[in-house]
2 protein chains.
Amino acid sequence: MTQAARPARAARAPRRDAVRNYERIVEAARDAFGESGADACMDEIAARAGVGVGTVYRRFASKDALIDELLRLAMAELTTAAGHALARDDGHGLDELLRALGQSFADHASYAHLLLERQPDADAARRLRTAMQELTARAAAAGTIGPSVTIDDVMALVRAMRGLAHDSGAHVMDDWQRFLDIHLTGLRAGSSAGR
Amino acid sequence: MTQAARPARAARAPRRDAVRNYERIVEAARDAFGESGADACMDEIAARAGVGVGTVYRRFASKDALIDELLRLAMAELTTAAGHALARDDGHGLDELLRALGQSFADHASYAHLLLERQPDADAARRLRTAMQELTARAAAAGTIGPSVTIDDVMALVRAMRGLAHDSGAHVMDDWQRFLDIHLTGLRAGSSAGR
DNA sequence: AGGTATCCGGAATACGGATTCCGGTTAGAG
DNA sequence: CTCTAACCGGAATCCGTATTCCGGATACCT
């Protein structure tokens, strides 16, 4: 019934160049933020995308809106990863999700810090947190991590990894893996991390 | 001989209000950056210090210069801490220095991330790094940490703690301690943190 | 107390970057 | 092929902040 129900308000499919530019802009934004830090200016983004600033603003109401879009996309990836992790029934789902987070932070290093604040999709964020909570419980049950490890400990680890990704050093790209391994060792051993 | 050797170019001691304002400004800057993030504006800093912007600029050539001063002060504290840590001859000097770093990051959370980049005192930074290297070696020798732990691992931990301090959550103020304990456990246990 | 080198406040200016506007183009329906 | 809704580029505008300037206040020496 809906199939032919809008000759009155037919939304003509967007023009080709429009979609093409949309994609270019998103990618250009990632590059720009990646290089010039989170304060790359709109002019540069537009230049990288090979379009004028006006075009950028036709797609994104503001710079913030553009950033929000990047965050939404990144969060979508994480949601998928969380799904995968929850599907496992051994005690290694948490481990898997943490690695996905680390990779995501590395991929989107320049604006990763925003993923833990200004989260445009509060719902997704909440679901992700819930997943981590569940996975933490399972891991504790399976003995993959110590029984006294709390969700806060895991969140701290997440924030720490984000910080690790922040630098733009040469080798930093995979430092986080070794770091994560070490910390997981600590989580496994520690049953009463002092203090 | 130097005691009375500069009537020609006597540098009259600075006026009282001048020194008082200097201190007020530094403190105000810390507060401002702490609350409004690292992009607090000069007007606000001046207001908090109870002086006009002009006064701020008489002391600090620019906003950057002001930030550099904060960094220098923080780095001075760390240099002291490093001295303390090196003075110990048990294997816990590294541990001590790491705690000092964590505390420093917590204290200067708002601009802590700059301590690892834009370091105005390159010399101090180098010395600090050398100290950490020495302490890492000693800790490894004493068995406080695994033998395969490298200085890079330790640096990663430092960067991670800095990231941890970045958030301005309520309880974050001492999350880092628990986090550090856990990670140290990992460093002690791991002798071949795989990959 | 008097004189003056210093210091202060805050309005005025300089600047950079976000956002808006509009005349010129172009994809794609008929 | 023609026409027009959509789309484009980038100059012009707006706005928030850093930085400069200078006519008064003030601390400190004599």
Side-chain angles (χ1 to χ4, degrees), chain A residues 4 6-29 31-70 110-111 114 118, chain B residues 3-4 6-29 31-33 35-71 110-111 114 118 120:
Chain A
R6 17 74 269 171
R9 265 179 179 273
R12 190 145 90 179
R15 274 165 51 165
R16 281 235 198 92
D17 48 354
V19 261
R20 178 166 46 68
N21 282 339
Y22 183 93
E23 287 160 7
R24 278 192 187 175
I25 291 172
V26 170
E27 188 164 358
D31 292 351
F33 287 136
E35 272 183 45
S36 312
D39 53 315
C41 66
M42 292 300 254
D43 285 322
E44 186 185 330
I45 294 176
R48 278 179 189 256
V51 302
V53 247
T55 302
V56 176
Y57 277 94
R58 197 160 315 95
R59 286 289 157 288
F60 303 96
S62 68
K63 186 176 182 177
D64 277 345
L66 173 52
I67 294 179
D68 278 355
E69 178 68 4
L70 295 185
S110 52
Y111 52 93
L114 293 177
R118 167 122 83 83
Chain B
Q3 194 173 37
R6 12 79 265 171
R9 272 190 170 268
R12 190 147 88 181
R15 277 166 48 167
R16 281 237 199 93
D17 47 354
V19 264
R20 178 166 46 68
N21 282 339
Y22 184 92
E23 288 159 6
R24 278 192 186 175
I25 291 171
V26 170
E27 187 164 359
D31 291 351
F33 286 136
E35 272 184 44
S36 313
D39 52 316
C41 68
M42 292 299 254
D43 285 322
E44 185 184 331
I45 294 176
R48 278 178 190 255
V51 303
V53 245
T55 302
V56 176
Y57 276 93
R58 196 159 316 97
R59 287 287 157 288
F60 303 95
S62 67
K63 186 176 181 176
D64 276 344
L66 173 52
I67 293 180
D68 279 354
E69 178 69 5
L70 295 186
L71 293 178
S110 53
Y111 53 92
L114 293 177
R118 165 123 85 82

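Bear in mind the structure is a predicted one, so any value in this text is a computation, not a measurement. Just so we're on the same page: letters track the sequence lines, and every chain starts at 1.
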key: Distance (rounded to the nearest 0.5 Å) between Tyr111(A) OH and Leu70(A) CG   = 4.5 Å

Just the atom pairs and distances: protein N or O near nucleotides 27-30 of chain D's N or O, under 3.5 Å.
residue: dA27(D); atom: O4'; partner: Arg15(B); partner atom: NE; Å: 3.2
residue: dC28(D); atom: OP1; partner: Arg16(B); partner atom: N; Å: 2.9

request  = Starting at OG1 of Thr55(A), measure out to CD1 of Ile25(A) and round the result to the nearest 0.5 Å.
outcome  = 6.5 Å

Smallest separation among heavy atoms of Ser110(B) and Ala38(B), with atom names = O-CB, 4.1 Å

ask   = Can you name the nearest heavy-atom pair linking Ala28(A) to Ile45(A), along with the distance?
value = CB-O, 3.6 Å

ask   = Could you give all pairs that pass the side-chain hydrogen bond (donor to acceptor under 3.5 Å, both in side chains) test and reach residues 17-26 of chain A, with sequence neighbours left out?
value = Arg15(A)-Asp17(A), Tyr22(A)-Glu69(A)

note = Here the residues of residues 40-53 of chain B within 4.0 Å heavy-atom distance, strictly under, of DNA chain C are Gly50(B), Val51(B), Gly52(B), Val53(B)

ask   = Is the backbone N or O of Cys41(B) less than 3.5 Å from a side-chain atom of Lys63(B), with the two atoms forming a donor-acceptor pair by type?
value = no

task = Please report the C-alpha distance between Ile67(A) and Phe33(A) in whole Å, then the side-chain angles of each, then the deciding distance to 0.1 Å, and finally whether the side-chain contact (heavy atoms from CB on, under 4.5 Å) criterion is met.
result = CA-CA 10 Å; Ile67(A) 294 179; Phe33(A) 287 136; 3.8 Å; yes

task = For residues Val56(A) and Ala46(A), report the shortest heavy-atom separation together with the two atoms involved.
result = CG2-CB, 3.9 Å

ask   = Taking only residues two or more places apart in sequence, or in another chain, which ones meet Tyr57(B) in a ring pair (Phe, Tyr, Trp, His ring centres under 6.0 Å)?
value = none

ask   = Going through the distances and angles, do Leu66(B) and Arg59(B) end up as a side-chain contact (heavy atoms from CB on, under 4.5 Å)?
value = CA-CA 8 Å; Leu66(B) 173 52; Arg59(B) 287 287 157 288; over 6 Å; no

query = What parts of residues 55-64 of chain B reach DNA chain D, counting only heavy atoms under 4.0 Å away?
reply = Tyr57(B), Ser62(B), Lys63(B)

key: d(CD1, Ile67(B); C1', dT19(D)) in whole Å   = 15 Å

message = Rounded at 0.5 Å granularity, tell me how far CG in Asp64(B) sits from CZ in Arg118(B).
response = 4.5 Å

key: Atom-to-atom span, CG of Asn21(A) to P of dT26(C) - whole angstrom   = 13 Å

query = If an axis is fit to five pairs at each end of the helix from dA1(C)-dT30(D) to dG30(C)-dC1(D), what is the angle between the two, to the nearest 10°?
reply = 10°

inquiry  = Output the rounded distance in Å from CG (Asp39(B)) to C1' (dG17(C)).
reply    = 15 Å

